[in-house]
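Keep in mind that what you see is a predicted model, and the values were worked out from it rather than measured. Sequence lines set the chain letters: A, B, ... in the order given, protein chains first and strands last, and positions in each chain run from 1.
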Amino acid sequence: MVQVALFLVRLFKTPIQWLGVDYPQFEILIRTKLTMDFRSSPTGFQISGSKKSTLLYQLLTFSLIGLLFGVAAFSVGDLILSLTIFFTVIMVSLTMTVISEFTTVLFDQRDNYILLPRPISNRTLLLLRLVHIQFYIGFIALALSLATGIIVAVKYKGIIILIYFIAVGLSTWMTLIFTTFIYLMISKVVNGERFKDLITYAQIAIAIIIFGSYQIIPRLIDAAVLKNVTMSVHWWTYFFPPAWLAALVKLSLFTPVTTPFLLLSFLAVFVPITGAVFLIRSMSKGFGNILADGSSETVSPKNIRTLNTRLTSRINKFLCISEIEKAGWNLAVATTSRDRKFKQSVYPFFGIMIVFGVIILKPDLTNLAVSLQENGELSKYFFIVICGFSGSTAILQLPYTDTPEAAWIYKALPLKEHGHLLTGAVKAILFRFIIPIYLLITIPSILLWGSSVFPQIILSGLGNVLLVLIAIIFQKMELPFTQVREMHQKGTNSLRAILNMILMFLLVGFVYATSFLSGWITILICGLVAGLIVLILRFIRKSWISPKGWVTLRNIEERL
Amino acid sequence: MENSQITIRNLKKSYGKGDYKNEVLKGINLVIHPGQIIGYIGPNGAGKSTTVKILCGILPDFEGEVTIFGKDLKTESMEIKKHIGYVPETGALYDLLTPNEYLSFIGTLYGLDKDKLESRAGNLLSFFGMEKHSDQRMDTFSKGMKQKILIMAGIINNPDIIFLDEPLSGLDANTVILVKDLLIRLAKDGKTIFYCSHLMDVVEKISDRIILINNGIVVADGTFEELKTEKAGTLEMLFAQLTGRKDNEINTENLFNGSHKN
């Protein structure tokens, strides 16, 4: 794996030097980084499988998802339109992955003390981070595009398959440098300390831009019948990267092409190259400053307001059954409200989900209220369910921390009820992230769609909680804040998010189905779901104590 | 080297903005000559590590003027970094690597060629008695063993100035002697040693010059002989006199059973 990556890197030796990067330094850096990623922790292979098999698992699952994408995209007759749709889906998925999983890698400051005192230029450092991330998202993109690649190869034959995979590579690179470019632009406007706070908003902004671009696709289609459509080139098509890539692939068929398509294919090659040159040569200084900023210890030590904690501690009396569960709650509240990396991984999803929800509702801005009222039943429930879904992403991030060594405390304390810590933390996150959302959407929803929708809102909330708890059991989630964020895990996290999303669609269907029943029956179902939630929480608490449970505290032991 | 010296003029550094602003260094002025061992001491939070991080280029954003080897640190940090070494306080190393891999990684970053690198890494490993561990992964190493590797990585480029932040922490008594001898040897070879420590007796014994900072300013600067007074005969006493709390009657009785007054 590492050798393959290094081989690819060596192919680009000369262009890398053009970028003003010190090539020998760059090669040893990327080699060391990848070697470390693939070196499993001492006892790791016994439990979670080797890192290679993690990648294999990701490859398989992403390929399956890619197959769905491919089949959907190629139900359209026109090759270039199919490819445009396909590349849009790929680039959107990758951008989501980059901003939610790899932003922390891009601005990782953990090895500042190792790298910054050495004579390494900012350009080398920036390219190192980009290529390191490219390796992982390239892998995901490859898996996602495999099925479509086979469809293309069988259908059109010739060198198109080669050009197709080059286009996939270009799509990941464009995604990566575009995201980085936005971050660095923002860092030019605001200084380092504020940048770290703003980065979350930047993530949300990028998410909105990308998701908004989905809206373009329907407008690219000229005819009503999908089988016979062709793509039309408008002026703004030139600003739509998936169209460039599609044009590039089409070019390899050697069929007569029009000037607009030649121009689009040219952009597909030109933009990634000049983008990289510009980014590395002109913006790496800003990148260096962001990194260096993390070496500063602290701002002036200031007492943190604990009012908020007092409020939640009053509430956790009702929601937690033991003192240890309360301790887990308090730990989760305090940590998640201050840990930047947690926020960076979670908050963008709120943005994405809200945008997604709004897109589903398809509001007509000229006549907002009426258009929302007349909305289809299904999209209404879609909206209600999806709003709460972001909470489950937050739960998935719960075990991760930068200081896993602090978990020695779970070993050192005379404590048996570790499960209570986990459920306490889970409850806190649910309370912080799901309940406020539902409070927020309940009133407008009832105003718009009438009070009959109320049982469904409750059911959506409870259903979301249930999904999260099921995910926790299947993942055998570790104790809060005990795991390192590891590179090879990043893909798995995105994958889990996608799988959870599929479960969410089932939930939407279920909620929709209950809307045909009388409200009282829905309330009754809510009661059942609530009961199930209580039982599952009990199960999690118990299975952490029993020897057969998934409690191992294994990684903690390794780190002591 | 003749020009191996550091000039610091009115060095200031603050973290944060507005209400959160915390001025850590409030105007440090120092001139350091080659071949000296400088003991840089001060209470916790005085700004020792910050000074060192600025000097070795980890914190590029500071106020004031710093020149090393006659070069401006703000504009020519790449050139300067080639000739300095740094041993960090936090055990920052890639511990999934072996010592051999790590040292060759760091050496390559300095542009050392393979042969020179191999012989130097071998010498360093045997000097610290670590040859038999040279191909073992460092995540199983004790704190002291990791500290030895950090010191090796800090001097593998044969630097003219070596910055060390708490180099002796976690080391056993034998290794402390070894490192002390090493530092003295390096200084005799004309290298400048600039180190932070809390071990007053070590600082007292091996430093050619002691710089004491408190609250971001230099409060004492000179050889131990120059600094000691009748009242303060050891560095420890001097330290307490210049930086200690006034209310030294510590009452441990109330620690566990007294009522908490605020």
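Expressed to the nearest 0.5 Å, how far CG of A:Leu29 lies from CG of B:Leu109 amounts to 5.0 Å. To the nearest 0.5 Å, atom CG of residue A:Asn112 and atom CG of residue B:Leu59 are 9.0 Å apart. In this structure, OG1 in A:Thr32 is found 8.0 Å from CD in B:Glu101, a value given to the nearest 0.5 Å.
Atom NZ of B:Lys74 has more than 12 heavy atoms from other residues, nucleotides or ligands within 6.0 Å. No more than 12 heavy-atom neighbours from other residues, nucleotides or ligands sit within 6.0 angstrom of NZ on A:Lys285.
Shown here for A:Arg118 and B:Ile106, the closest heavy-atom pair between the two residues is NE-CD1, 3.6 Å. Shown here for A:Pro117 and B:Tyr110, the closest heavy-atom pair between the two residues is O-OH, 4.2 Å. The shortest heavy-atom contact between B:Leu97 and A:Met36 is CD2-CG, 3.7 Å. Between A:Pro119 and B:Met78, the shortest heavy-atom contact is O-CE, 3.5 Å.
Here the side chain of B:Lys53 pairs no donor or acceptor atom with the backbone of A:Tyr113 at under 3.5 angstrom.
Here the side chains of B:Tyr94 and A:Lys33 are in contact, with some heavy-atom distance below 4.5 Å.
Your options are B:Thr108, B:Asp95, B:Ile80, and the one with the most heavy-atom pairs under 4.5 Å with chain A is B:Thr108.
Heavy atoms of B:Phe163 lying under 4.5 Å from chain A are absent altogether. Looking at A:Leu115, only its side chain comes within 4.5 Å of chain B, counting heavy atoms on both sides.
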